[in-house]
Amino acid sequence: PDIVVHGPMIATLLTHLAAQTEAQSGKGRRLRHFRFRGISPAFCNRPLHLKAAASQTGLTLHALGEDGRLIMQAEAAFDGPPA
C-alpha cells in the first residue's frame, strides 16, 4: 500500500521506549540487552502504536499497526535486579 518502513528504525523506536519507560519507573537502571524480531511490515503514512509491559526480565515491547497487527516484538533487559 505504501513504502515499507525500515525494520531497524522501528527497533530503535522500541529501544527509546524501553529506556524512557525504565527512566520513568525511577529505578535508573541502564539497558543491558535488547532483542527484536520483525513479524510483518509497517508502511509509511500509517499509524504505528508502541507498547511496553513489565516482564520477569525487564520489558516486553510491541509495535502494532493501526489494525492491531503485530509488526515487531522485542525484549529489553536492564542492569540490576528485575522489578
Side-chain angles (χ1 to χ4, degrees):
D2 209 330
I3 297 171
V4 175
V5 176
H6 187 54
M9 186 180 87
I10 298 170
T12 299
L13 294 172
L14 289 173
T15 303
H16 287 285
L17 176 61
Q20 181 182 31
T21 302
E22 182 63 17
Q24 289 174 350
S25 75
K27 297 180 192 86
R29 300 180 302 170
R30 292 184 350 179
L31 186 63
R32 178 176 45 87
H33 177 80
F34 185 82
R35 179 173 43 188
F36 68 95
R37 181 170 185 237
I39 306 298
S40 63
F43 299 101
C44 288
N45 303 312
R46 303 286 165 90
L48 186 66
H49 304 281
L50 306 179
K51 299 186 181 251
S55 70
Q56 290 182 354
T57 58
L59 292 172
T60 299
L61 303 113
H62 296 98
L64 305 168
E66 62 186 327
D67 56 357
R69 178 176 41 89
L70 181 60
I71 291 171
M72 184 173 285
Q73 60 189 21
E75 298 173 6
F78 300 88
D79 287 336

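Values in this document were obtained by computation on a predicted structure and should not be read as measured data.
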Colleague: I10 and A42: which non-hydrogen atoms are nearest, and at how many Å?
Modeller: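 So the minimum-distance heavy-atom pair works out to CD1-CB, 3.7 Å.
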Colleague: Are any of the side-chain heavy atoms of V4 and F43 separated by less than 4.5 Å?
Modeller: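 A side-chain contact exists here, since the closest heavy-atom pair is under 4.5 Å.
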Colleague: When you compare the side chain of T60 with that of Q73, does any pair of heavy atoms fall below 4.5 Å?
Modeller: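 Not in contact.
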Colleague: Can you sort out the partners of R35 under side-chain hydrogen bond (donor to acceptor under 3.5 Å, both in side chains), two or more places apart, ordered by chain and number?
Modeller: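 In terms of side-chain hydrogen bond (donor to acceptor under 3.5 Å, both in side chains), with neighbours along the sequence ignored, R35 is linked to E75.
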Colleague: Can you find a heavy atom in the side chain of E22 that is under 4.5 Å from one in the side chain of K27?
Modeller: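 Yes, close enough: below the 4.5 Å cut-off.
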Colleague: Over all heavy atoms of both residues, which pair between C44 and D2 is shortest? Give the atoms and the distance, please.
Modeller: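 The pair with the smallest heavy-atom distance is O-OD2, 3.3 Å.
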Colleague: For F34 and A74, which heavy atoms make the closest approach, and how far apart are they?
Modeller: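 Nearest pair, atom of F34 first, then A74: CZ-CB, 3.6 Å.
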Colleague: Got a sec, which residues hit side-chain hydrogen bond (donor to acceptor under 3.5 Å, both in side chains) with S40, two or more places apart in sequence or on another chain?
Modeller: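 With neighbours one apart ignored, the set is R69.
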Colleague: Please check if L50 and L64 belong to a single hydrophobic cluster, counting links between Ile, Leu, Val, Met, Phe, Trp and Tyr side chain heavy atoms closer than 4.5 Å.
Modeller: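 Each belongs to a different hydrophobic cluster.
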Colleague: Would you mind telling me which of L14, L17, T21 makes a side-chain contact (heavy atoms from CB on, under 4.5 Å) with L59?
Modeller: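 So, applying the side-chain contact (heavy atoms from CB on, under 4.5 Å) to L59 and each of L14, L17, T21, only T21 qualifies.
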Colleague: Would you compute the distance between atom CZ of R30 and atom CG of D79 and round it to the nearest 0.5 angstrom?
Modeller: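 Result: 6.0 Å between the selected atoms.
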Colleague: May I ask you to test the P41-V5 pair for a side-chain heavy-atom distance under 4.5 Å?
Modeller: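 No, their side chains stay 4.5 Å or more apart.
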Colleague: State, with a plain yes or no, whether a side-chain heavy atom of L31 is found less than 4.5 Å away from one of T15.
Modeller: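 In contact.
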Colleague: Do F36 and M72 have side-chain heavy atoms sitting under 4.5 Å apart?
Modeller: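 Yes, at least one pair of side-chain atoms sits under 4.5 Å.
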Colleague: Rounded to the nearest 0.5 Å, what separation is found between the CG atom of L70 and the CZ atom of R37?
Modeller: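 If we round to the nearest 0.5 Å, L70:CG and R37:CZ are 9.5 Å apart.
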Colleague: Quick check: is I3 connected to I71 through a chain of hydrophobic side chains (ILVMFWY, heavy atoms under 4.5 Å apart)?
Modeller: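 Different clusters: I71 never reaches I3 through Ile, Leu, Val, Met, Phe, Trp or Tyr contacts under 4.5 Å.
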